[in-house]
2 protein chains.
Amino acid sequence: MLSYTEENYLKAIYHLSNAGERLVSTNELAETMQTKPASVTDMAKKLSAKNLIAYEKYYGVNLLKSGKQEALQIIRKHRLWETFLVDKLGFTWDEVHEVAEQLEHIQSGLLIEKLDKFLEYPTVDPHGHPIPDPSGKIKEVKQIPLAEFPVYKKCTIRAVKNGSPSFLQYLSKIGIYIDASVSIVDKVEFDGSLEVSIDNKKRVFISREAAQNLMVTG
Amino acid sequence: MLSYTEENYLKAIYHLSNAGERLVSTNELAETMQTKPASVTDMAKKLSAKNLIAYEKYYGVNLLKSGKQEALQIIRKHRLWETFLVDKLGFTWDEVHEVAEQLEHIQSGLLIEKLDKFLEYPTVDPHGHPIPDPSGKIKEVKQIPLAEFPVYKKCTIRAVKNGSPSFLQYLSKIGIYIDASVSIVDKVEFDGSLEVSIDNKKRVFISREAAQNLMVTG
DNA sequence: ATTATTTTTTAGATTAATCTAAACTTTTAT
DNA sequence: ATAAAAGTTTAGATTAATCTAAAAAATAAT
Ligand SMILES: [Mn+2]
Ligand SMILES: [Mn+2]
Ligand SMILES: [Mn+2]
Ligand SMILES: [Mn+2]
């Protein structure tokens with residue numbers, strides 16, 4: 001069985017490698033794990049010895065099949081718990097991540113099975129992120145940043161890319177939420193900022209930066 | 001903040017000392033913590049240094065006010081989670097303890113507050129054990145073992161004393177549950193075993209041992 | 001009141017996760 | 001191509017939680 005720390009490393013590698021697509025450097029990993037590169041090297045050796053990651057000295061790490069599978073299970077738990085916290089307990093979407101960071105480590109297959117059922121098998125979490133199924137499979141949907149969507153055309157907010165509490169709070173404040181129907185009504189050439197219509201009811205100005213962190217489908 | 005291990009020690013001391021009533025010996029504590037006396041001594045020193053317990057060398061430990069308060073908060077969380085698992089997720093009462101042992105360590109005041117509300121402020125857990133209120137207060141109710149209750153008189157099952165999965169499964173199997181209305185219809189002088197009527201519908205024989213672990217009110 | 005037994009503590013190791021500082025390798029710049 | 005800079009690893013400590021074996025104290029038995 002994996003330790004709390006090992007699980008967190010696998011999850012971080014999963015995200016940083018973009019689901020296993022590319023190598024992750026020691027420094028990158030140290031940054032996200034809020035630790036020192038020397039500690040990362042130690043852990044890289046340990047996870048490598050357990051055949052969870054591929055580690056090449058001086059070049060970086062990436063997930064092996066079993067490591068990826070473990071990471072996906074932790075992400076599944078994380079996102080199911082976030083969904084529970086929002087849908088059942090009335091948390092706001094900016095409050096859940098920190099708590100889910102703890103809950104994702106609870107070890108009980110039965111618990112996750114029953115939680116999934118209780119939530120009626122959700123496919124996305126409160127941030128629009130897909131929830132891996134019991135076998136770790138993720139249903140990918142093609143989404144693009146609002147910043148790259150054509151003007152005047154309607155689209156639906158599907159997910160946030162950056163899920164930081166401050167960004168989420170800002171979105172709530174200006175009235176943007178998952179599944180909102182929006183369209184770009186004006187695009188400022190100068191700085192790329194947008195005027196966005198939400199549900200044909202309300203208009204707000206958002207920065208290019210913000211628009212790049214809002215994922216939409218047509 | 002307390003470590004996972006420190007929390008478990010405080011909880012164990014709480015239970016073994018009967019809520020702080022009497023001293024707990026090193027060996028006792030080692031037994032329930034599934035560890036060696038030498039380790040207990042180390043932890044006793046640490047918790048004592050943090051002013052959570054009173055520790056007198058060679059004589060034992062007991063909770064100080066702050067240690068008792070910490071223990072009660074952990075017990076509150078444990079019992080709220082057990083209630084959640086049974087009432088909302090459909091766990092059986094013999095499946096919940098192990099999972100609650102993990103969940104009780106999740107650190108989030110907001111989570112417990114919201115969970116409590118979601119469960120509609122329960123006062124007892126699935127085993128009939130009282131849930132401390134947010135300030136740690138427990139509503140004590142006078143209960144006696146079924147073994148000591150007068151024959152022919154009706155009483156209500158309120159709690160189990162021993163909550164081991166095998167005992168709980170046995171009780172389910174013979175039809176005994178929390179809030180069941182029972183009466184002793186026969187008492188065997190020889191071994192103290194009882195014939196019990198459940199809800200005026202069903203009769204079962206139980207050992208004196210079992211009857212001593214069923215707490216009832218008249 | 002000694003002696004024997006039981007209980008508890010201390011001393012010294014071990015393992016996981018972390019750190020700092022020094023050494024080493026790779027990458028970038030001249 | 002060499003030197004400088006950046007990134008990574010190694011060596012050696014540290015802290016929390018644990019252990020075994022030996023020493024010490026308390027309790028029980030003669
Ligand atoms: Mn999250
Ligand atoms: Mn999320
Ligand atoms: Mn329990
Ligand atoms: Mn219980």
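All figures in this text were calculated on a predicted structure; none of them were measured in a lab. Note on naming: letters A, B, ... go to the chains in the order of the sequence lines (proteins, then strands), and numbering restarts at 1 for each one.
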Worksheet item: Among residues 20-33 of chain B, which contact DNA chain C at a heavy-atom distance under 4.0 Å?
Response: B:S25, B:T26, B:N27

Rounded to whole angstrom units, what separation is found between the [atom1] atom of [X] and the [atom2] atom of [N]?
X: A:N8; N: C:dA16; atom1: CG; atom2: P; result: 17 Å
X: B:K50; N: D:dT15; atom1: NZ; atom2: P; result: 14 Å
X: A:D42; N: D:dT10; atom1: CG; atom2: P; result: 9 Å
X: A:E7; N: C:dA16; atom1: CD; atom2: P; result: 16 Å
X: B:M1; N: D:dT15; atom1: CE; atom2: P; result: 19 Å
X: A:E6; N: C:dT18; atom1: CD; atom2: C1'; result: 14 Å
X: A:L2; N: C:dT15; atom1: CG; atom2: P; result: 19 Å
X: B:K36; N: C:dT14; atom1: NZ; atom2: C1'; result: 15 Å

Discussion item. Counting only side-chain nitrogens and oxygens, does B:T35 get under 4.0 Å of the OP1 or OP2 atom of D:dC19?
Written reply: yes

Worksheet entry | Any B:K45 side-chain N or O less than 4.0 Å from OP1/OP2 of C:dT10 | yes

Worksheet item: Quick check: does any side chain N or O of B:R79 sit under 3.5 Å from a backbone N or O of B:G128, one acting as donor and the other as acceptor?
Response: no

Discussion item. Between B:R22 and B:L16 (side chain of the first, backbone of the second, donor and acceptor by atom type, cut-off under 3.5 Å), is there such a pair?
Written reply: yes

Between [X] and [Y], what is the shortest heavy-atom contact and its length?
X: B:L214; Y: B:I206; value: CD1-CD1, 4.1 Å
X: B:Y4; Y: B:E101; value: OH-O, 4.0 Å
X: A:V182; Y: A:L146; value: CG2-CD1, 4.2 Å

Item to complete: Could you go through the side-chain hydrogen bond (donor to acceptor under 3.5 Å, both in side chains) check for A:D191 and A:S193 one step at a time?
Response: CA-CA 5 Å; A:D191 62 358; A:S193 66; 2.9 Å; yes

[X], nearest nucleotide to its side chain (from [options]):
X: B:S39; options: D:dT18, C:dT8, C:dT20; value: D:dT18
X: A:Y59; options: C:dT9, C:dT26, D:dC19; value: C:dT26
X: B:Y58; options: C:dT9, D:dT27, C:dC24; value: C:dT9
X: A:K57; options: C:dT18, D:dT10, D:dT18; value: D:dT10

Practice prompt. Verify the neighbour count for atom CD of B:E209: are there more than 12 heavy atoms of other residues, nucleotides or ligands below 6.0 Å?
Written response: no

Worksheet item: NA contact type, A:Y4, heavy-atom cut-off 4.0 Å: base, sugar-phosphate, or nothing?
Response: nothing

Worksheet, complete the sentence: Taking for A:S3 and for A:A38 the nucleotide of DNA chain C with the nearest heavy atom, the one nearer the 5' end belongs to A:S3

